[in-house]
> 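Dropping a structure here in structure tokens format, bear with me for questions.
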Amino acid sequence: MARLRVGILISGRGSNMRALVEAARAPDFPAEIGLVVSNVPDAGGLVFARDAGIATATVDHRAFKGREPFEQALDAELRKAGVEFVCLAGFMRLLTPSFVDAWHDRMINIHPSLLPSFPGLDTHKRALAEGVRIAGCTVHFVRAKMDAGPIVGQAAVPVLPGDDEKMLAARILAAEHRLYPAALRLIAGGKTRVDGERVVVADAGAPVPLLLNPAV
Ligand code: GAR
């Protein structure tokens, strides 16, 4: 079976990238990580990727005049590495519609909230301020609108009394590390289909495998 060749875009510590790289080490995992690209030259995640023997590239957005030339360089790196599918993993640049369209239904993102609640920044702080009892994370196909697009899977975690931002973020991050590889496995294994703005998972009738529940 040919494995789907994946490029991962990061901007920072890259713990979700690491979860994907580690999952892809399993012989039956239907995707391989062909490239990790960072827009931040000293992103911590690059060190892990290099040590793991994965090809890396840096495309520093500050070296370009505007989003389009930056994205053209990004796109060129991905194509040069034979990347067929893109995973955004803490990639903190807004992408233009032309880049998003070029990777339509071939690019997913992970966001630390149960979308469509709390898109954007300061997610955990806003969830705590609203007093929600359940928080979580979402893997979704990328559309031009930020943190929006067909949902592949979600994981829920409880918000516990006394939680601060850091505690909630850590609980959600642990769920992200389970959800993202599970979502990529499903997509790369051909088990999903994007139907308009929804993701249809094969095996209708079986429980949706990408709904992870709180452990309380
Ligand atoms: C993760 O929590 C990810 O969900 C979030 O950034 C963090 C990156 O951590 N992404 C977004 O907020 C995107 N809107 P990581 O670099 O350790 O994977």
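Positions are given from 1, in the same order as the sequence printed here.
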> Grab the two heavy atoms, one from Val194 and one from Pro150, that are nearest each other, plus how far apart they are.
CG1-CG, 3.9 Å
> Taking the side chain as every heavy atom from C-beta outward, state whether Phe118 and Val132 have any pair of such atoms under 4.5 Å apart.
yes
> Once side chain to side chain donor-acceptor pair (under 3.5 Å) is applied, do any residues pair with Glu84, and if so which ones, sequence neighbours excluded?
none
> Quick one: are Arg13 and Leu173 in side-chain contact, heavy atoms under 4.5 Å?
yes
> For Gly189 and Pro30, which heavy atoms make the closest approach, and how far apart are they?
N-CG, 3.6 Å
> Please report the closest heavy-atom contact between Leu114 and Ala135, naming both atoms and the distance.
CD1-O, 3.6 Å
> Find the distance between CD1 (Ile108) and CD1 (Ile187) and round it off to the nearest 0.5 Å.
4.0 Å
> Kindly state each residue pair satisfying salt bridge (charged side-chain N to carboxylate O under 4.0 Å, His left out) with at least one member in residues 144-166, sequence neighbours excluded.
Asp163-Arg171
> First locate atom CG of Leu184, then atom CZ of Phe29, and finally report the distance between them rounded to the nearest 0.5 Å.
4.0 Å
> Under a 3.5 Å distance rule, please check whether Gln154 uses its side chain to pair with a backbone N or O of Leu115 as donor and acceptor.
yes
> Considering non-hydrogen atoms only, spot the tightest contact between Ser38 and Val40 and give its length.
OG-O, 2.6 Å
> Please tell me if the side chains of Pro119 and Arg126 come closer than 4.5 Å, counting only heavy atoms from C-beta onward.
yes
> With rounding to the nearest 0.5 Å, note down the distance linking CD1 in Ile151 to CD in Glu197.
10.5 Å
> Quick check for you: to the nearest 0.5 Å, what is the distance between Ser117 atom OG and His111 atom NE2?
9.5 Å
> For the CD1 atom of Ile33 and the CG atom of Leu20, what is their distance to the nearest 0.5 Å?
5.5 Å
> Please find the pair of heavy atoms, one from Pro158 and one from Leu168, that lie closest to each other, and give the distance.
O-CD1, 4.3 Å
> In a check of side-chain hydrogen bond (donor to acceptor under 3.5 Å, both in side chains) between Arg143 and each of Asn109, Asp105, Asp101, which one passes?
Asp105
> Strictly distance-based, threshold 3.5 Å: is any side-chain N or O of His124 a donor or acceptor partner for the main-chain N or O of Met167?
no
> Please check: side-chain N/O of Arg93 versus main-chain N/O of Arg67, any donor-acceptor pairing under 3.5 Å?
no
> Strictly below 4.0 Å, N to O, side chains only: are Glu22 and Arg18 in salt-bridge contact?
yes
> Could you tell me whether Arg25 atom CZ has more than 12 heavy atoms of other residues or ligands within 6.0 Å of it?
yes
> Give the intermediate values and the outcome of side-chain contact (heavy atoms from CB on, under 4.5 Å) for residues Val21 and Phe48.
CA-CA 10 Å; Val21 166; Phe48 168 82; 3.9 Å; yes
> If you round to the nearest 0.5 Å, how far is CD1 of Ile8 from CG of Asn16?
9.0 Å
> So, do Pro41 and Arg62 sit near enough that their side-chain heavy atoms are less than 4.5 Å apart?
yes
> Looking at every non-hydrogen atom in both residues, tell me the closest pair between Gly34 and Ala55 and how far apart they are.
O-CB, 3.7 Å
> Is a donor on one side and an acceptor on the other found under 3.5 Å between the side chain of Arg3 and the backbone of Ala24?
yes
> Passes side-chain contact (heavy atoms from CB on, under 4.5 Å), Arg50 versus Val36? Steps please.
CA-CA 9 Å; Arg50 275 187 214 114; Val36 171; over 6 Å; no
> Identify, with sequence neighbours excluded, every residue that meets salt bridge (charged side-chain N to carboxylate O under 4.0 Å, His left out) alongside Glu71.
none
> Share the residues that join Met107 in a hydrophobic cluster, the rule being Ile, Leu, Val, Met, Phe, Trp or Tyr side chains under 4.5 Å apart at the heavy-atom level.
Leu9, Leu35, Val37, Val59, Phe64, Phe70, Leu74, Leu78, Val83, Val86, Leu88, Phe91, Leu95, Phe99, Val100, Trp103, Val142
> Is the backbone of Ser113 close enough, under 3.5 Å, to the side chain of Thr123 for a donor and an acceptor to pair up by distance?
no
> Given a cutoff of under 4.5 Å between side-chain heavy atoms of I, L, V, M, F, W and Y, with clusters grown through shared members, what are the other residues clustered with Met92?
Leu121
> Quick one: salt bridge (charged side-chain N to carboxylate O under 4.0 Å, His left out) partners of Asp122, sequence neighbours excluded?
none
